[in-house]
Every structure is written in structure tokens, then in C-alpha cells.
Amino acid sequence: MDIYLWKVVCIICALLFNATGSLSQLNVCGRAPLNTKIVGGEDAAAGSWPWQVSFQRGGSHFCGGSLISEKWVLSAAHCFQSITAPDITIFLGLASLQGFNSNMQTATTSNIIINEAYDPVSNDNDIALVELDFPVTFSSYVVPVCLTASNSFLPAGTNVWVTGFGRIGTNVNLPPPETLQEVEVPIVSNSDCANSYSSITNNMICAGLSQGGKDSCQGDSGGPLVIRVNGIWVQAGIVSFGHGCAQPNFPGVYTRVSQYQGWIDGSSGSNQTGFVTVSNGNQSSPNLFCLFLSFLIIPFLLSLSSLW
């Protein structure tokens, strides 16, 4: 009878997991085995952020993105307002924009999906999906990131990471860095962020230091803002806009990924993206949930067994 009961519990758990439509990717996404550094505002080691994408046109980087499955990249809508799909080359696995990258993969695209509600004036709904012509090959240097599910919440003060090949200062005369940059910044509440910007909506999430000094910048647009929970990296934001770069009292503004779970799944036509619920900086664990569920179900089934 005990074996039978456990089988019942496992079947119920499996049905619940499949109902999310997001777990097929959870055994792959967000794992970065080469990410062992805990630093900010400096060069990222090769393989530290294996979902980072560089969009290039004519051999020049213009925006970032994040790999979310073997055929889809997440980015910002404003990156593609004047660019057509055939003009783009997508680079993955890059540690540097210069020199030889042995772990690099390239891809082309014929399909860019910009959120239909994107407003270039307010920057609301600044999100886009780019479909690769062919699936990429996952490796230690090319891995999809998990995404925050629709019921996720990151409170103010939660530390997150931003990565990109963008400029390292507001001065446009400064050359962009050759090496992928990484920086750690805290989440800023939307109410505090609205004190600096007039167009903050629930579709946005802000992050930065009140004193400035750490931020995303031009060229980072479309790239990921991620948080590590229980060893898994989960993308909470997409680099969208800001007032200059790293200015005091002007945090960076990001598209809030959790607002778009339905749109991402519907637009990509599959449930291959790994969505993870993050609450108060912690990841919900399906295994722990199943364990909790089993404690509820087993006593009930045992009480029924006396009638069998």
C-alpha cells in the first residue's frame, strides 16, 4: 500500500508541474557552471553569463539580449525600431567583442516580434522576441536563462545583476568595452523610481544606487537583469531606459519580465521557456511543494485505505 500511495502522489505532482507549461526547460535554464565570481562593475569571466547575446549589424554591436530557449532570444522593442531582421547577426558565447572567441556561436533571424502595446514615448511594454533560424547548441558557454513567472515579486533592496557590452560611462566619446561587463545593483521600488521619472508603470522595474556609480548604459539595451536564487539564475528585467548612466537618484529602468509570461509563451508558440516563481528574492521549489503536498495527501489516502 505504501508504494501505491507514493505512486499516486508522484502522479499528482507530475500533473501539477505539467500544468505550468514551463518546466520542460527548468532542467536546463539558469545554470552557469563557470560563474564563480562575486564582483561588480568589471570584466566578466568567460562563460559567467552564458545566455548573454550580442546583436550586431555591419560588424558592430548595437544591443544585447538573452537566450531563453534553443530558438528564441528576449530583448527590448526599442532595439529594433529601424532595423530589419536580415540585417542582424546574433552572437552567443562571447567573452569579448574583439579577437577570437572559441566558444562563440552565430545565428541569423527572419522573425522579430515586437510587443503590440509598445509605446516608444513612454517606453512602456519595451519587450521583443527574436526567433533564430536554427536552434543553437547548448554548452557551458551557451545556456538559456530562466524567466520570472507572472506571480513573482522582488522587493526593494534585492540585489540583482546586469550584464552587457554597452558603454562604461555617460560620455559618448568613451569607447565601449571589448569585454562583457557585469555589475550588481539593488532593486528600487517603483514608488521611489517614480520620483525620478514621470512614466514608471507596473510593467517596469528599477534598479540602481541612490549615489549612482553603477548602472547599465547605451549598448546594454535589451540585455538581462538577473537574480540568483537557489543556485539558478532568473531574468527579472530587460534593459530599457534611464537618465544618462549611473547618475545619482536616477536608477536604471527595466522591462518587468514577469508581466509578460503569457505574451512570451503565446508569441513563441511553445512552452519551452523555463519560468520560475521568485518571491522576496527566493525561488519557489517544485520539489518542496510536492513534499508539502504529500504530507497533506498521504494521511487522507491512508484514512481511505481502511475502507478498501
side-chain contact (heavy atoms from CB on, under 4.5 Å) between Thr108 and Ile90, intermediate numbers included = CA-CA 6 Å; Thr108 55; Ile90 300 166; over 6 Å; no
Dump the intermediate steps for side-chain contact (heavy atoms from CB on, under 4.5 Å) on Cys63 and Ser221, then the final yes or no.
-> CA-CA 5 Å; Cys63 262; Ser221 290; 3.7 Å; yes
Take Gln181 and Val183 through the side-chain contact (heavy atoms from CB on, under 4.5 Å) test and state the conclusion after the steps.
-> CA-CA 7 Å; Gln181 299 293 295; Val183 66; over 6 Å; no
List the steps and the verdict of side-chain hydrogen bond (donor to acceptor under 3.5 Å, both in side chains) for Asn123 and Ser240.
-> CA-CA 7 Å; Asn123 297 297; Ser240 182; 4.9 Å; no
Start with the C-alpha gap between Ile187 and Val160, add the side-chain angles, then the distance that decides, and say whether side-chain contact (heavy atoms from CB on, under 4.5 Å) holds.
-> CA-CA 7 Å; Ile187 293 292; Val160 291; 4.0 Å; yes
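The CG atom of Leu147 lies 6.0 Å from the CG atom of Leu74; values are rounded to the nearest 0.5 Å. Atom CZ of Phe134 is separated from atom OG1 of Thr109 by 11.0 Å, given to the nearest 0.5 angstrom. Note that CD1 of Ile205 is 11.5 Å distant from CD1 of Ile238, once rounded to the nearest 0.5 Å. Distance check: Phe275 CZ to Thr148 OG1 gives 8.0 Å after rounding to the nearest 0.5 Å. With rounding to the nearest 0.5 Å, the separation of SG in Cys29 from CD in Gln235 is 11.0 Å. Atom CD1 in Ile114 sits 11.5 Å away from atom OG in Ser267 (nearest 0.5 Å).
Taking both residues in full, the closest heavy atoms of Ser69 and Phe138 are given as C-CZ, 4.2 Å, listed atom of the first, atom of the second, then distance. Residue Asn111 comes nearest to Ala85 through the heavy atom pair N-CB, 4.1 Å, listed as atom of the first residue, atom of the second, then distance. Among all heavy-atom pairs drawn from Ser75 and Gly64, the shortest one is OG-O, 2.8 Å. Closest approach of Ile232 and Cys146 over heavy atoms only: CG2-SG, 3.6 Å.
The main-chain N or O of His78 is found under 3.5 Å from a side-chain atom of Asp126 such that the two form a donor-acceptor pair. A donor-acceptor contact shorter than 3.5 Å is absent between the side chain of Gln81 and the backbone of Cys79. The closest donor-acceptor contact from the side chain of Gln105 to the backbone of Thr137 lies under 3.5 Å. With hydrogens and angles disregarded, no donor-acceptor distance shorter than 3.5 Å links the side chain of Tyr197 to the backbone of Val253. Ser268 contributes a side-chain N or O that, together with a main-chain N or O of Ile264, makes up a donor-acceptor pair within less than 3.5 Å.
With a 4.5 Å cut-off on side-chain heavy atoms, Val136 and Leu67 count as touching. With a 4.5 Å cut-off on side-chain heavy atoms, Val73 and Leu132 count as touching. The shortest side-chain heavy-atom distance between Leu129 and Ile68 falls under the 4.5 Å cut-off. Side-chain contact between Phe62 and Ile83 is present, with heavy atoms from C-beta onward closer than 4.5 Å. Between Ser196 and Pro251 there is a side-chain heavy-atom pair separated by less than 4.5 Å. Side-chain contact between Val162 and Tyr254 is present, with at least one heavy-atom pair separated by less than 4.5 Å. Annotation: side chain of Asn202 is in contact with side chain of Gln259 (closest heavy-atom distance under 4.5 Å). For the pair Gln52/Phe165, a side-chain contact is recorded, criterion being any heavy-atom separation below 4.5 Å from C-beta on.
A donor atom on one side chain and an acceptor atom on the other are found under 3.5 Å apart for Arg256 and Asn190. Using modelled atom types and a 3.5 Å distance limit, the side chains of Trp49 and Glu182 yield a donor-acceptor pair. A side-chain donor-acceptor contact under 3.5 Å links Ser110 and Asp133. Looking at Glu116 and Trp263, their side chains do bring a donor and an acceptor atom within 3.5 Å of each other. Tyr260 and Asn125 share a side-chain donor-acceptor pair at under 3.5 Å.
You'll find the ring centres of Phe80 and Phe55 inside the 6.0 Å limit.
Linking ILVMFWY residues whenever their side-chain heavy atoms come closer than 4.5 Å, directly or via other members, places Val185 and Val278 in the same cluster. There is no path of hydrophobic side-chain contacts, each under 4.5 Å, that joins Ile200 to Val188.
The stretch residues 87-99 participates, sequence neighbours left out, in these side-chain hydrogen bond (donor to acceptor under 3.5 Å, both in side chains) pairs: Thr84-Asp87.
Among Asn115, Thr255, Asn203, the one residue that satisfies the side chain to side chain donor-acceptor pair (under 3.5 Å) test with Asp124 is Asn203.
Under the side chain to side chain donor-acceptor pair (under 3.5 Å) criterion, Ser122 pairs with Asp119, sequence neighbours left out.
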